[in-house]
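No hydrogens, no waters, no symmetry mates; every other heavy atom, side chains included, goes into these values. Sequence lines set the chain letters: A, B, ... in the order given, protein chains first and strands last, and positions in each chain run from 1.
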Amino acid sequence: MRTEERNGVAGAGRDQFPVGMRVLAVDDDPVCLKVLETLLRRCQYHVTTTNQAVIALRMLRENREMFDLVISDVHMPDMDGFKLLELVGLEMDLPVIMLSVNGETKTVMKGITHGACDYLLKPVRIEELRNIWQHVVRRKFSTRECVTLDTYEECNKPLSADSDYAYGQVTCGSPDQSGRPSKKRKEYHSEEEDEDEDSNGQDNDDPSAPKRPRVVWSVELHRKFVAAVNHLGIDKAVPKRILELMNVEKLTRENVASHLQKYRLYLRRLSAVASQQAGIVAALGGRDPFLRMDAFEGLQGYQAFTSPAALSSFSAHGLSSPRNNQAAVVIQGRSIHTGSVSSTTNNSIGDANKYHLSLQGNQHGKLAQGLATSLGQAQLQQKWMNEDNGDLSAILCGNSLVKGMPSTLRSVTSSTLLPQDQVECTQAKVAIQPSIRAPPASLELLEGAVGASSDPLESRVSQQGALPLCGFSGSRLPVHGPFNNNGATRLGDAFSASFRPTNDLTVARGSKVGASSFGGTIHLSPDTEQKYWSFGSGNSFRQKADESSADSLLDPKLVWSSSQLTSNVDAHHSMSQRSNNCSINIGHGARMFGQISANASPVVPQAKIDFLFSGDTSMARNASESSIPRLQTELSSSTCSFDGLLNSMIKVEKDDNAFGDDLGCDFYSLGACI
Amino acid sequence: MAAVALKNQLNAHIASMFAAGFLDKQFQELQILQDDGSSPGFVSEVVGLFIDDAEKITGLIAGLLDQPVVDFDKVDALVHQLKGSSASVGAQRVKLSCEQFHSYYEAKNRDGCVMALALLRNEFYDSRSKFQTMFQLEQQIEACS
């Protein structure tokens, strides 16, 4: 591979695309390969050939930017062409053309569903090959403007990835500015690939694709978009009106139209997924059940509970002081999960600047040894979204240093709220009554990624309908926290896919579709000491989708991080979103001195999650009165230390009503707390 | 003159191969590809590859069918590959006999497979001898010029 020459060829071809288009031809049959190569050369493509799929894959991984297109035989001894296709599709955003002598509908269908952009029959005619450049162009255009979507799609991909690279590859590199899909896909590979990305980062200009101004659909932008769509109604939304509502500079109608199209596709796919593959997909988080079923095999390995999970939390200090005030806290930062011990965590990151990091972890986390045992199958699928800008990295570093943070539980509230859905969440109140002895309490709110995720959409769900995780950190507080989660969950058909059964809490689900209620009791014995955490939370969410009313399961995770809580903390978190009110009731009747009542309502499409803290002891008591399952909770931070605790940060951005200012509370990043 | 005569002979030979169904349109495509571009010997190269490949594959298939337990999946893969390469070369008869093979290993019919293999080999050897004649003529032409 002579790079210079290649570049030269590519450069020469810039003006006269598809001349010089770089094609990788893979076929185990020497005759076919020879003919194919000759034909491709005749088309003036720049051809690289190999007779082994494994070699092809290696070449692609090592030189991502060296190819525009892959043509692969279906039947190969070392690796099935479909496998190659899938891997290529997962890892890099290259168009793949399948080639076979077998033209059975079933086989062709398999190729297409695996993501092949074309399926040619042997013997290939040159006329067909003269046209294949269109796939390269199409791919680039189609992915260009919906970066956000793609980013989120990719969040899910690793889940369905093969064991080849699914493990131990948690990276959170930031994508390059160009946001090209092929770049983004790199991110959840190994770090070396990230480096590779960096090294190759400069020359990612593809000669074959003309430049077009690209709109980065950041989370913020997307939320505006969703808000506008919701306002108009999904059926009546037209790009022009959306654009007006969004009122964003430099955004063109075409941009919006393109995004709207994607969005609709996504909704459609979601509903399709929901109806067909609900359970499996939801659990596994596969992107597209139809396409990825094979890949699920790779998930088997995930079953192992590897590492303690990490939590992202932000801690509010000094909640105790002004009790009766409510402050709206806007959390923009979501937790980042880095370097999770469990390699199952997959992070995909959007543009660091605009994109906000979104990490999706399919974490089967074992929070504590005890947890794992009691939970049996605790699978967390979390999507951590980080919307942080810049500061994040520093915070992360801080977090990484904090290992084995005492008693951090995290729970993910999973509710999948679709943006377009009118989500109506019944109010749930989160009443947390920890026994807190220390007056200064640090309340940590975790923002919980809403769980769900088997769809690209899902990623959005987390983005938009993130449920708050409420974590409060009490340090040195022995906690026996019985948790009872009573969640009446009703999933509508459409939502069943997004419904995520995987939680730390064992959830007894009656049915996936329909009403399901789960009551979970978790006994966590973080240490050898007998400390139990029980969570009792009555959750009731109701979401109504436009088409169907769906209730999604809300799984709140509470994070207790150890900090010295010597005071009673009452926190009332309420997140209000549009017309959605979701509230989580978590009642801890414990030997607690302090009571925290958090009323958290997950917020949806709108950009921010608002936490209302009302540090009212009275409220807490009220909450306790409200016949909520009570659990004993003893928080002992010191006793609860988890192995390889992953700490995630939530960056809290203050709202107009600056929480810290009004209440005299400061938010610290987790690292700062500890 | 000798070269011209030989060339005519070669053309006649190839025409007869077409007529007898040894070759199909794909072979023409290859010829065009060779003549258009400056890739002399391309057809011969591909055909040579095919002959080696087919020889090897038929041997492997025979070996599989000799096993006490026949791995029909492997037979399938091999026949499939041979079909692909014969199709790429335009060796129509071989390709057709590969297709006939299909129903036998599909039914896991060992005897049928053995028979189909015999037919396939016949076709292949016939084709090969034709190709070899073609090669010889080409070499003679080259020697003359």
Side-chain angles (χ1 to χ4, degrees), chain A residues 19 25-47 49-53 71-84 97-108 110-111 119-131, chain B residues 23-57 60 64 71 73-92 94-96 98-99 101-102 105-106 124 127 131:
Chain A
V19 172
V26 193
D27 198 330
D28 62 304
D29 186 83
V31 180
C32 296
L33 191 60
K34 180 68 188 171
V35 173
L36 180 62
E37 180 188 359
T38 309
L39 288 170
L40 289 169
R41 287 198 196 287
R42 183 55 47 83
C43 296
Q44 293 186 282
Y45 302 143
H46 193 271
V47 188
T49 61
T50 176
N51 61 355
Q52 285 185 48
I71 299 183
S72 170
D73 187 24
V74 171
H75 295 273
M76 288 180 286
D78 60 335
M79 180 189 288
D80 192 298
F82 295 122
K83 193 77 166 177
L84 176 66
I97 294 174
M98 299 306 286
L99 201 59
S100 174
V101 72
N102 185 357
E104 287 175 24
T105 307
K106 194 179 69 176
T107 317
V108 177
K110 191 177 175 189
Y119 196 106
L120 302 180
L121 290 185
K122 289 181 186 175
V124 185
R125 295 178 309 123
I126 195 166
E127 288 82 1
E128 295 171 307
L129 295 178
R130 285 217 167 94
N131 245 345
Chain B
L23 298 176
D24 62 14
K25 263 172 61 183
Q26 175 65 14
F27 189 79
Q28 275 177 324
E29 295 284 335
L30 297 186
Q31 284 181 309
I32 293 169
L33 206 57
Q34 174 177 272
D35 296 340
D36 282 357
S38 53
S39 48
F42 167 65
V43 172
S44 302
E45 184 187 357
V46 173
V47 171
L49 278 174
F50 165 69
I51 289 174
D52 294 344
D53 201 35
E55 180 100 59
K56 192 183 72 185
I57 291 176
L60 287 173
L64 282 172
D71 186 342
D73 287 339
K74 277 187 183 166
V75 174
D76 183 4
L78 288 170
V79 174
H80 205 91
Q81 188 184 345
L82 184 56
K83 187 183 167 192
S85 63
S86 58
S88 294
V89 170
Q92 184 173 232
V94 177
K95 189 184 79 175
L96 290 175
C98 284
E99 287 170 2
F101 216 123
H102 181 81
Y105 61 70
E106 192 93 313
F124 168 61
S127 300
F131 280 130

By a 4.5 Å heavy-atom criterion (distance strictly below it), what part of [X] contacts chain A: side chain, backbone, both, or neither?
| X | answer |
| --- | --- |
| B:L82 | neither |
| B:Q81 | both |
| B:D52 | neither |

[X] side, atom [atom1]; [Y] side, atom [atom2] - distance, nearest 0.5 Å:
| X | Y | atom1 | atom2 | result |
| --- | --- | --- | --- | --- |
| A:D29 | B:H80 | CG | NE2 | 10.5 Å |
| A:R42 | B:L33 | CZ | CG | 4.5 Å |
| B:H102 | A:N102 | NE2 | CG | 7.5 Å |
| B:L30 | A:I126 | CG | CD1 | 10.5 Å |
| B:S85 | A:K34 | OG | NZ | 15.5 Å |

Please flag which part of A:D73 lies under 4.5 Å from any non-hydrogen atom of chain B: side chain, backbone, both or neither.
neither
Which atom names give the shortest non-hydrogen contact between B:S88 and A:C32, and what distance separates them?
OG-SG, 3.1 Å
When you look at B:Q26 and A:V35, which way does the side-chain contact (heavy atoms from CB on, under 4.5 Å) test go after all the steps?
CA-CA 10 Å; B:Q26 175 65 14; A:V35 173; 4.0 Å; yes
Counting heavy-atom pairs under 4.5 Å with chain A, the top scorer among B:V89, B:V47, B:I32, B:L49 is B:L49
